[in-house]
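In each ligand, atom 1 is the first atom listed, and ligand 1 is the first ligand listed. Because the structure is a prediction, the values reported are computed rather than measured. Residues: numbered from 1 along the sequence shown. These numbers come from the heavy atoms of this one structure, side chains and all, not from hydrogens, waters or symmetry mates.
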Amino acid sequence: MSQSFVNPDQIRAWFSRAMSDMYKLEVPLYDTLLDLVAQVNAKTMAEQPELAAQLARTGEIERLDIERHGAIRVGTPEELANMRRVFAVMGMQPVGYYDLSPAGVPVHSTAFRATHETALQASPFRVFTSLLRLELIDDVAVREKAARILAARRIFTDRVLELTACFEAQGGLNDADAQEFVAEALHTFRWHSESTVSLDDYRELHGLHRLIADVVAFKGPHINHLTPRTLDIDEAQAEMPRRGVSAKAVIEGPPPRKCPILLRQTSFKALEEPVRFAGPDGGSSVGSHTARFGEIEQRGVALTRKGRALYDQLLDLARSRISGAPNEGNAAAYMQNLQECFAAFPDDYAQLHGQGLAYFRYFLTGKEGAADASDLSSLIEQGYIQFEPLVYEDFLPVSAAGIFQSNLGDKAQAEYAQNASQTAFEQALGAPVKDELALYEDTQARSLAACMQALREQAG
Ligand code: OOG
Ligand code: NI
């Protein structure tokens, strides 16, 4: 019997679209942000034809408008494990491990995303997914209460779990099932303006950490932000206040550069939204909760282990020169420091390539005839092969902590013992996370192999 299955890349593209449509309705300010980003991108490409040409050569231009990431926070290992199964239907695998506890956020995280360049091209949608770490909470009574509340909730519809099991058994979903899957999966990420707990319980959870209330007091892991990709984040940051949007104090990540590296991010602050809390005898009381926001990101070239070590070192240096985390008060000084410190990071693709600091993809230039060398640098020198930056697809723990904090609004930051626990995370997930560097290396190697093959045929 032949079944025709929908490509998981297609399911992910549908889902990403549906999520964006839902979030526009839930948080209209996100729609404003999308308009702003589209205008900044159009202007940037008009002003920088070289950038536009590079985006066209690599195919980046086609995914730019559909590109976005989102973030959720789940409460239990079982929720995380099922999340992994559901994302797998959309061709998304857990990549990387992020420990946020040193920054006072009691979670650890991974990013679910596509891993092959062809799949990323079809839909780059990613979800930064955090697992609450109740074990980091000292108050045993509240910890146990939170665990009881979480154990009683069901964040997935029965149908989405059925369809996921069906995908696992058959190896795919047909068109009707895939469409139904998208609609059913979407329910998990919806906002619920009704809390599952009383206002008193909410306050108690909130007192420990706003993040704990955000995870425990609701029916499910509402999507807490979506993030489009911009080509000029400084311009987008400057434009937000002009449109009456209140922006985060500083852009996280590296400073502005000619050759962007890794990831720069900023956001508008989370909105205060009305919530109905459970009352005695079926009654209710009204309060509010602040969690959902919008973010903008600019992506640059992925760094090798060596490049990343240099990035981490320079970022540490810049941060050590201000006391504490960057904020409204020291934003200008911080950005200035960052610029100065990063002067030590080569800002030229040829140098980044030559020094093995970043990953690239190789393309044929179209030069005809047989090359008289077979090693890469000679082929580049002789004009047969050119290289283009390979875009960073992941996240940065220090930046993520900054995004969390600016939206959790916690004045006093919690202190948790530094205890990354990738093993415990993977146990909860039910699978190991993939190593992001290996994925970039594979993509780079595949592009080189394809060039070499084509040159052999050309010579043949
Ligand atoms: C996730 C914050 C991290 C990013 O882009 O670094 C993040 C969250 O607030 O749940 O989304
Ligand atoms: Ni984000």
Side-chain angles (χ1 to χ4, degrees), residues 16 19-20 23 27 29-30 33-34 37 67-75 79-80 83 87 92 94-113 124-133 155 188-189 191 209-218 220-230 233 236-237 247-248 250-254 262-271 273 289-300 311 315 325-326 391-410 413-414 425 436:
S16 167
M19 190 88 116
S20 185
Y23 204 58
V27 180
L29 206 48
Y30 166 66
L33 200 65
L34 287 181
V37 165
E67 179 150 6
R68 59 187 76 97
H69 83 251
I72 54 167
R73 304 150 185 172
V74 298
E79 289 177 0
L80 183 67
M83 204 53 94
F87 281 133
M92 298 159 84
V95 178
Y97 172 76
Y98 303 87
D99 175 27
L100 281 299
S101 63
V105 185
V107 303
H108 45 184
S109 322
T110 191
F112 287 97
R113 68 164 174 92
F125 183 56
R126 346 165 162 71
V127 181
F128 191 90
T129 303
S130 301
L131 173 65
L132 177 63
R133 299 177 75 179
I155 65 169
T188 300
F189 303 90
W191 171 245
H209 201 298
R210 188 187 312 160
L211 181 112
I212 299 171
D214 185 59
V215 177
V216 178
F218 294 88
H222 40 256
I223 182 90
N224 66 53
H225 67 281
L226 281 180
T227 308
R229 176 173 166 194
T230 182
I233 200 165
Q237 171 88 342
K248 187 177 171 308
V250 298
I251 297 174
E252 298 288 343
L262 298 173
L263 176 63
R264 302 182 69 210
Q265 298 160 281
T266 185
S267 62
F268 68 71
K269 302 238 182 81
L271 310 169
E273 301 175 274
H289 180 63
T290 308
R292 300 192 308 156
F293 59 100
E295 187 188 7
I296 309 176
E297 66 186 17
Q298 178 170 7
R299 291 187 174 266
Y311 170 81
L315 187 71
V391 174
Y392 189 58
E393 303 288 345
D394 294 288
F395 295 85
L396 297 167
V398 174
S399 300
I403 296 284
F404 264 109
Q405 269 145 6
S406 85
N407 287 290
L408 291 168
D410 286 347
Q413 285 185 19
F425 186 82
E436 63 276 21

In ligand 1, which numbered atoms sit nearer than 4.0 Å to a non-hydrogen atom of [X]?
{"X": "F404", "answer": "1 (C), 2 (C), 8 (C), 9 (O), 10 (O)"}
{"X": "A71", "answer": "1 (C), 8 (C), 10 (O), 11 (O)"}
{"X": "F128", "answer": "1 (C), 3 (C)"}

Self-check item: atom 3 (C) of ligand 1: nearest protein contact (heavy atom, Å)
Solution: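 The closest heavy atom on the protein side is A400 CB, 3.6 Å.
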Quiz item: What protein heavy atom sits nearest atom 4 (C) of ligand 1, and how far away is it?
Solution: Q265 NE2, 3.2 Å
Self-check item: NE2 (H225) - the Ni ion (ligand 2) - NE2 (H69) angle, nearest 10°
Solution: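 It is 110°, given to the nearest 10°.
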Self-check item: Spacing of I223 atom CD1 and H69 atom NE2 [to the nearest 0.5 Å]
Solution: 8.5 Å
Exercise. Report the distance from atom CG of L29 to atom CZ of F268, rounding to the nearest 0.5 Å.
Key: 4.0 Å
Is it true that [Y] and [X] share a donor-acceptor pair across their side chains at a distance under 3.5 Å?
{"X": "S130", "Y": "Y98", "answer": "no"}
{"X": "D214", "Y": "H222", "answer": "yes"}
{"X": "S16", "Y": "R68", "answer": "yes"}

Exercise. Name the orientation class of the two ring planes belonging to F395 and F128 (parallel below 30°, tilted from 30 to 60°, perpendicular beyond 60°).
Key: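 Perpendicular: the ring planes of F395 and F128 meet at over 60°.
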Quiz item: Do you see an N/O/S atom of E295, backbone or side chain, under 2.8 Å from the Ni ion (ligand 2)?
Solution: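 It does; at least one qualifying atom falls short of 2.8 Å.
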Between [X] and ligand 1, find which residue part has any heavy-atom pair under 4.0 Å and reply side chain, backbone, both or neither.
{"X": "N224", "result": "side chain"}
{"X": "R73", "result": "side chain"}
{"X": "H69", "result": "side chain"}

Quiz item: Does H225 come within less than 4.0 angstrom of ligand 1, counting non-hydrogen atoms of the residue?
Solution: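 For ligand 1, residue contact (heavy atoms, under 4.0 Å) with H225 is present.
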Exercise. Look only at interatomic distance and state if S130 has a nitrogen or oxygen under 3.5 Å from any nitrogen or oxygen of ligand 1.
Key: no
Quiz item: Salt bridge between R113 and E393, side-chain N to carboxylate O under 4.0 Å?
Solution: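 No salt bridge links R113 with E393.
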Quiz prompt | Donor-acceptor contact below 3.5 Å, side chain T110 vs main chain V95 | solution =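 Judged by distance alone, yes, a pair lies under 3.5 Å.
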